[in-house]
Chemist: 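My structure is below; once you've seen it, I'll send some questions.
Source: prediction; values computed, not measured. Residues take their numbers from the sequence shown, with the count starting at 1.
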Amino acid sequence: MFTMGIVGLGAWGRKIVGSVQGTSDAVRFKTAVTRTPSRAEDFATEKGLALGSDFSAILNDDEIDGVVVASPAHEHVGQTKAALEAGKHVQVIKPLALTREDAEDIYEIAEKKGVTLAVAYERCFLPAADEFRRRVRSGALGQIVHAEGAYCVDRYLAMTREHWKTDITAAPPGALADHILYMMIELIGPVEELHAHGLHQATDLTAADTSTVTLRLAGGVSGLLTAIGVTAGFARLHFFGTEGSLELRDAGHLEFTPVKGEKEAIDFPAFDTLKEQTESFAAAAQGKGSYRIPRDNAIAGVAAVEAMGISAARGQAIRL
């Protein structure tokens, strides 16, 4: 059994713990650290967690093999460095870091310490995403010429400027769609140039509530991202090639439209991506397989989001 600690026990941290605690044969959480333990006492008791506010309780515990960092984005790098230096394997809920330099730095520490560092993009673990990968890599689309993605949520309607997720330094225009962007990077290659545009149409938050990002990916493939924080939930990844187009919509609907032949649609059943993500990290840390998101792709994702902020601030395209 791979024993873990978690720092950050907000809504997402609780979902991660709940996905495996008492149901996984591979992973268990022993300790949780959060800024305000009193808010998480009932949950910790229910899940059998030791609870506190001092991160050293995790770092100094020899029974804890790995750490999930699920705190606010600005705290990720410092906490990740501390855990790596303590010899813990670390999985960071995206974003891994806010700058390429920091992302490279923490991977270098992990390599020196001989431990696993992983970033968590939970949509990458969808069975529908696996089928998307398979078809792209099989060459079914022919030459890929364009990629589009959209990620839309309504969370900004209920948030205030005090919430870290609305801080523009952590969420530059387009960053909401980083799950979608990652799949483009994985299957096409790193972003070579981008131009981000952010608007404040329905909120007065520091982060833009409606954003578009034009992309130039490896090999000259064009791309477009849409990220909206004030509308109904929706997710889409769509590749266009000379032999057909392939679309992954929401969590489980896949459509392939060939240039020649009939359109194909597949609906995948519900799937617990968080359990799969956490168990996959544990397996990689124990040398039982490679983690789904490799180092270079993770760093390329951070670099692209960092460039979105620079592009929006300057009002111009940025070459990476």
Side-chain angles (χ1 to χ4, degrees), residues 8-16 18-19 68-74 76 92-96 98 119-126 128-129 132 147-185 194 196-215 223-238 247-254 267-268 270-277 293 301-302 304-306 308-309 311-312:
L9 207 57
W12 200 249
R14 296 182 191 203
K15 286 183 178 181
I16 293 167
S19 71
V68 172
V69 175
S71 54
H74 299 91
H76 285 188
V92 186
I93 306 307
K94 63 93 179 175
L96 175 68
L98 301 181
V119 61
Y121 287 105
E122 51 108 7
R123 286 185 60 84
C124 293
F125 293 86
L126 288 167
F132 192 101
E148 289 187 3
Y151 190 74
C152 307
V153 292
D154 64 359
R155 70 176 67 140
Y156 282 9
L157 293 171
M159 288 183 174
T160 67
R161 287 180 175 232
E162 285 67 43
H163 199 292
W164 71 265
K165 287 188 177 181
T166 68
D167 184 340
I168 196 169
T169 60
L176 270 176
D178 57 356
H179 288 85
I180 309 300
L181 174 64
Y182 176 77
M183 289 288 291
M184 294 181 184
I185 291 171
L194 62 77
H197 305 267
L199 299 174
H200 296 82
Q201 299 195 93
T203 69
D204 64 353
L205 303 172
T206 56
D209 57 46
T210 309
S211 305
T212 56
V213 185
T214 54
L215 305 165
L224 175 66
L225 281 179
T226 299
I228 304 174
V230 291
T231 193
F234 177 74
R236 179 176 69 93
L237 175 66
H238 204 154
E247 178 187 23
L248 170 56
R249 196 180 315 142
D250 293 323
H253 183 75
L254 193 72
D267 286 302
F268 290 79
F271 182 77
D272 191 340
T273 53
L274 293 182
K275 183 176 183 179
E276 178 68 18
Q277 175 179 270
I293 302 166
V302 172
V305 174
E306 179 187 14
M308 290 175 189
S311 172

Chemist: Does the side chain of Asp267 come under 3.5 Å of the side chain of His253 through a donor N or O and an acceptor N or O?
Modeler: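 Present: a donor and an acceptor within the cut-off.
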Chemist: Mind checking whether His179 and Tyr121 have parallel, tilted or perpendicular rings, split at 30° and 60°?
Modeler: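 Answer is perpendicular, since the angle exceeds 60°.
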Chemist: Would you say that His74 contacts Thr169 through its side chain, given a criterion of any heavy-atom pair below 4.5 Å between the two side chains?
Modeler: yes
Chemist: Would you say Leu237 and Arg123 make side-chain contact, with heavy atoms under 4.5 Å?
Modeler: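 SC-SC contact between Leu237 and Arg123 ruled out.
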Chemist: Would you find a donor on one side and an acceptor on the other, under 3.5 Å apart, between the side chain of Asp209 and the backbone of Thr203?
Modeler: yes
Chemist: Mark yes or no for whether Arg249, through its side chain, and Arg236, through its backbone, hold a donor-acceptor pair below 3.5 Å.
Modeler: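 Checking the backbone N and O of Arg236 against the side chain of Arg249, no donor-acceptor pair under 3.5 Å is found.
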Chemist: What closest approach, in Å, do Tyr156 and Lys165 show between heavy atoms, and which atom pair accounts for it?
Modeler: OH-O, 3.5 Å
Chemist: Rounded to the nearest 0.5 Å, how far apart are CG of Leu215 and CE of Met308?
Modeler: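 Atom-to-atom, Leu215:CG and Met308:CE are 6.5 Å apart.
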Chemist: Which atom names give the shortest non-hydrogen contact between Leu181 and Ala304, and what distance separates them?
Modeler: CD2-CB, 3.7 Å
Chemist: Nearest heavy-atom pair of Leu176 and Ala227: which atoms, and what distance?
Modeler: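 That closest heavy-atom pairing would be CB-CB, 3.8 Å.
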Chemist: Rounded to the nearest 0.5 Å, what separates atom CG in Leu205 from atom CZ in Arg155?
Modeler: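 It comes to 12.0 Å.
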Chemist: Using 0.5 Å steps for rounding, measure from the CZ atom of Phe132 to the CE atom of Met183.
Modeler: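 The CE atom of Met183 is 6.0 Å from CZ of Phe132, to the nearest 0.5 Å.
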Chemist: Using a 3.5 Å distance criterion without hydrogens, assess whether the side chain of Thr210 forms a donor-acceptor pair with backbone atoms of Leu199.
Modeler: no
Chemist: Report the distance from atom CD1 of Ile185 to atom CD1 of Ile180, rounding to the nearest 0.5 Å.
Modeler: 12.0 Å
Chemist: Taking C-beta and beyond as the side chain, do Leu96 and His76 meet within less than 4.5 Å on heavy atoms?
Modeler: no
Chemist: Side chains of Leu126 and Phe268: does their closest heavy-atom pair fall under 4.5 Å?
Modeler: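 No, every pair of side-chain atoms sits at 4.5 Å or beyond.
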Chemist: When you measure from the side chain of Glu122 to the backbone N and O of Thr273, does any donor-acceptor pair fall under 3.5 Å?
Modeler: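 The answer is no, because no donor-acceptor pair under 3.5 Å joins these two groups.
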Chemist: How far apart are the closest heavy atoms of Pro173 and Ala312, and which atoms are they?
Modeler: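 In terms of heavy atoms, the two residues are closest at CG-CB, 3.6 Å.
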Chemist: I'd like to know if the side chain of Asp272 and the backbone of Leu274 have a donor-acceptor N/O pair within less than 3.5 Å.
Modeler: yes
Chemist: Is the shortest heavy-atom distance from the side chain of Gln277 to the side chain of Ile93 under 4.5 Å?
Modeler: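 Gln277 reaches Ile93 side chain to side chain.
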Chemist: What is the minimum heavy-atom distance between Val305 and Pro172, and which atoms define it?
Modeler: O-CG, 3.5 Å
Chemist: Do you know the tightest heavy-atom contact between Leu98 and Ala170?
Modeler: CD2-CA, 4.1 Å
Chemist: For the side chain of Asp154 and the backbone of Val230, is there at least one donor-acceptor N/O pair under 3.5 Å apart?
Modeler: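 Between the backbone of Val230 and the side chain of Asp154 there is no qualifying donor-acceptor contact (under 3.5 Å).
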Chemist: Ignoring hydrogens and geometry, is there a side-chain-to-backbone donor-acceptor pair from His200 to Thr206 under 3.5 Å?
Modeler: yes
